[in-house]
Amino acid sequence: MSHQNITGLAKQGNPKAIAALINHSLKSKGIRAKVKLRDDCLSVLLESTQVPNQEELVAFLRKKIIGLGVESISTVKVYGCQLGKNSPDWRETIQLVLHQKNFGDSKVGELWSRGIQEQIETTESNDKNQIGGVQESPGAFKSVPISSSENTTSNDVPIADSIVQQSKSALKAKNSKYINNNKSRKPPINDESLSGKEPWLAVILSKFLPGLGQIYSGKLIRGLWIISITTLLLYLGFILILTPKVEWVIGFLCWLAMMPLWLWNLFDAHQCAIKANSSRFEELRKRDKDPWLAVFLSGIIPGWPGLGHLYIKKVGLGILFFIIFIVSGIFPLAPLIFSGFVAYHAYWASPVRRERTKNFIVTISLLLMIFGICEVGLAFYVKAYVAEARYIPSGAMLPTLQINDRLIIEKLSYRFNDPERGDIIIFNPTDTLKKQNFRDAFIERVVGLPGEKVELKDRKIYINDQPLAEDYIADGQRTVIDACKSAPQPYLSKPVTLPPNSYLVLGDNRENSYDSRCWGVVPRDNIIGKAFIIYWPRDRSGIAL
């Protein structure tokens with residue numbers, strides 16, 4: 001079949017003819033092309049003994065497909081694969097926006113792909129394609145023999161007779177259907193409009209650090225203000241919440257104010273990015289599924305890492321990733337690392353990606369993993385070394401602490417200072433208590449300090465032979481040794497001098513408290529922290545201890 005006939009069939013959208021033209025151009029490079037056309041999407045698989053050069057081949061196919069001017073093709077998916085492999089080494093999607101304008105006898109095709117726009121004349125007299133420094137022309141194109149024994153589009157087998165037999169009416173109906181469906185297609189996007197900001201990328205950046213998305217969108221001053229306000233609220237909340245009485249409420253309100261500020265910051269980052277874009281870029285961005293929205297749904301929404309794949313209509317992958325995420329929970333930190341991978345995959349599985357921002361995805365995926373690990377590490381560190389919440393299960397500390405009171409245990413101060421008399425401390429069971437099968441932490445008040453002489457007489461505590469004033473005991477209650485009926489030898493049955501690094505503790509409900517009178521002193525190493533403030537129930541919240 002002559003070059004002219006093959007080119008004519010290719011311009012009508014025949015995939016075998018398109019494959020023949022591509023194979024002829026790439027035969028000298030040892031590259032074989034397989035072509036498949038489904039609806040308006042042309043898939044081209046390029047195979048070679050070495051990994052095909054992506055940039056070079058994509059540039060070549062852009063010129064080739066645009067040069068043919070096939071109106072029924074709007075998308076070209078290119079895959080590069082080394083022979084012998086089961087999966088492609090790379091892939092790239094080319095979005096075509098083809099239309100005709102009258103400039104004499106010529107036609108102009110406009111292409112948007114990876115943020116690049118090209119204009120190529122498609123007259124047969126100008127059908128020249130160059131790849132890797134080799135230029136081809138119609139005169140150099142040799143006739144391709146016809147074989148009816150095979151039906152393939154590879155370089156190894158010539159074009160089948162069936163492409164000549166194809167019904168012209170069918171081709172005409174197909175092209176007519178495509179043209180009718182695309183009458184309302186928006187005009188092509190020019191170079192300036194292709195340069196824009198990704199709103200959902202701005203949202204992701206502002207999630208990591210409030211104000212960062214605004215800076216990315218070009219609102220530097222606005223972003224710095226948001227960062228400054230957030231940092232100030234965080235710092236004030238931390239300082240004030242460690243201050244007793246009224247100030248802790250102000251500190252808590254500072255932290256509470258950060259939540260609406262953080263949420264507003266996400267919406268604002270999205271709007272700032274949209275306002276920074278031209279209207280034509282926004283039209284382009286909304287034509288297909290947004291890859292950065294897929295990333296946001298995959299990595300930012302906790303508990304469902306496959307949500308981004310559902311958004312881009314990869315339902316099977318979305319469900320599979322969700323199941324893997326649940327199963328990976330048996331391994332420490334595995335779900336956090338897996339979430340970053342899923343976000344990365346959601347981006348590359350999206351139908352369209354823009355060249356200017358695709359390099360961000362590696363950074364975003366790593367940030368998702370790092371921030372997730374840091375959040376877990378921070379939560380562990382805070383609970384182990386700073387503060388934690390506890391509740392009161394018994395009445396040993398009545399009337400100071402009521403049953404079911406919720407309070408904050410502060411651990412930081414005892415890393416720099418020793419407990420003082422009157423502190424309400426939480427401690428792990430001593431060796432004596434463990435022998436009695438106690439496992440849960442105790443809460444009592446410090447009465448005696450290391451090295452002090454402690455004596456119980458006349459129903460009062462004496463420290464170094466001086467009576468101890470205790471205004472926190474309920475009226476009418478006295479400190480008696482009878483509270484330790486189960487102990488064969490109560491600890492305070494006679495005067496004692498407390499050992500080094502040991503503390504004598506008693507409950508405020510002296511007549512119903514199982515404390516040092518019964519089992520002895522608390523070693524310094526057993527002390528977990530100091531009761532700081534009651535936060536629940538609401539009518540008792542804010543009471544400093």
Side-chain angles (χ1 to χ4, degrees), residues 90-93 114-115 194-220 222-224 226-227 230 262-274 276-277 281-282 284-286 288-314 317-318 320-322 324-325 328 333-378:
W90 55 263
R91 66 179 179 179
E92 185 159 336
T93 300
R114 305 186 303 156
L194 288 174
S195 177
K197 303 296 182 181
E198 299 287 349
W200 287 105
L201 175 56
V203 172
I204 294 171
L205 293 174
S206 281
K207 188 267 180 183
F208 291 133
L209 177 63
L212 191 58
Q214 285 79 357
I215 295 176
Y216 160 76
S217 302
K219 303 292 185 179
L220 178 61
R222 191 187 193 95
L224 291 177
I226 294 175
I227 293 175
T230 305
W262 182 78
L263 291 174
W264 171 83
N265 146 77
L266 299 182
F267 286 99
D268 184 67
H270 189 272
Q271 290 301 311
C272 286
I274 291 178
N277 295 332
F281 179 84
E282 282 299 301
L284 169 67
R285 186 180 65 82
K286 295 176 181 178
D288 296 286
K289 298 292 186 180
D290 194 317
W292 287 110
L293 177 53
V295 174
F296 176 81
L297 295 174
S298 294
I300 307 302
I301 305 298
W304 191 292
L307 199 58
H309 288 80
L310 297 181
Y311 163 71
I312 59 176
K313 298 183 179 180
K314 306 285 185 180
L317 280 174
L320 176 63
F321 283 144
F322 176 69
I324 295 175
F325 176 81
S328 67
L333 303 180
L336 303 174
I337 297 174
F338 183 68
S339 294
F341 165 77
V342 173
Y344 177 85
H345 188 274
Y347 178 86
W348 289 105
S350 298
V352 174
R353 301 174 299 277
R354 284 171 279 282
E355 183 75 12
R356 292 175 59 88
T357 58
K358 73 178 184 181
N359 293 329
F360 275 99
I361 186 57
V362 175
T363 303
I364 296 299
S365 300
L366 290 175
L367 284 176
L368 284 172
M369 298 179 190
I370 293 172
F371 269 68
I373 293 172
C374 287
E375 286 176 0
V376 173
L378 181 62

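Everything quoted here is computed from the prediction, not taken from an experiment.
Listed by chain and number, the residues in a salt bridge (charged side-chain N to carboxylate O under 4.0 Å, His left out) with Arg222 are Asp268 (sequence neighbours excluded).
Side-chain N or O atoms of Asn265 include none that pairs as donor or acceptor with a backbone N or O of Pro210 at under 3.5 Å. Using a distance-only test at 3.5 Å, with no hydrogens or angles considered, a donor-acceptor pair links the side chain of Ser328 to the main chain of Phe325. Looking at Asn277, its side chain does come within 3.5 Å of a backbone N or O of Ala273 through a donor-acceptor pair. Checking side-chain atoms of Tyr216 against main-chain N and O of Glu198 turns up a donor-acceptor pair under 3.5 Å.
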Next item on the list: Starting from the C-alpha separation in whole Å, work towards a yes-or-no answer on side-chain contact (heavy atoms from CB on, under 4.5 Å) for Ile274 and Arg285.
Entry: CA-CA 10 Å; Ile274 291 178; Arg285 186 180 65 82; 4.2 Å; yes
Next item on the list: Would you please test Val362 and Tyr344 for side-chain contact (heavy atoms from CB on, under 4.5 Å) and show each step?
Entry: CA-CA 7 Å; Val362 175; Tyr344 177 85; 3.9 Å; yes
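Here the CD1 atom belonging to Ile364 is positioned 5.5 Å from the CG atom belonging to Leu201, to the nearest 0.5 angstrom. Atom-to-atom distance recorded for Tyr311:OH and Ser350:OG is 7.5 Å, nearest 0.5 angstrom. To the nearest 0.5 Å, the span separating NZ on Lys207 from CH2 on Trp262 amounts to 6.5 Å. Note: Leu307 CG to Leu293 CG = 9.0 Å, rounded to the nearest 0.5 Å. Considering OG of Ser298 and CH2 of Trp292, their distance stands at 11.5 Å, rounded to 0.5 Å. Distance check: Trp264 CH2 to Gln271 CD gives 11.0 Å after rounding to the nearest 0.5 Å.
Across every non-hydrogen atom of Ile324 and Phe338, the tightest pair is CG2-CZ, 3.5 Å. Listed here is the closest heavy atom pair of His309 and Leu317: CD2-CB, 3.9 Å. Closest heavy-atom contact between Ile204 and Phe296: CD1-N, 3.9 Å. For the pair Pro305 and Ser339, the tightest heavy-atom approach, listed with the atom from each and the gap, is CB-OG, 4.4 Å. The two residues His345 and Phe321 have their closest heavy-atom pair at ND1-CE1, 3.8 Å. Between Arg91 and Ala349 the shortest heavy-atom distance is NH2-CA, 3.7 Å.
Between Cys374 and Ile370 there is a side-chain heavy-atom pair separated by less than 4.5 Å.
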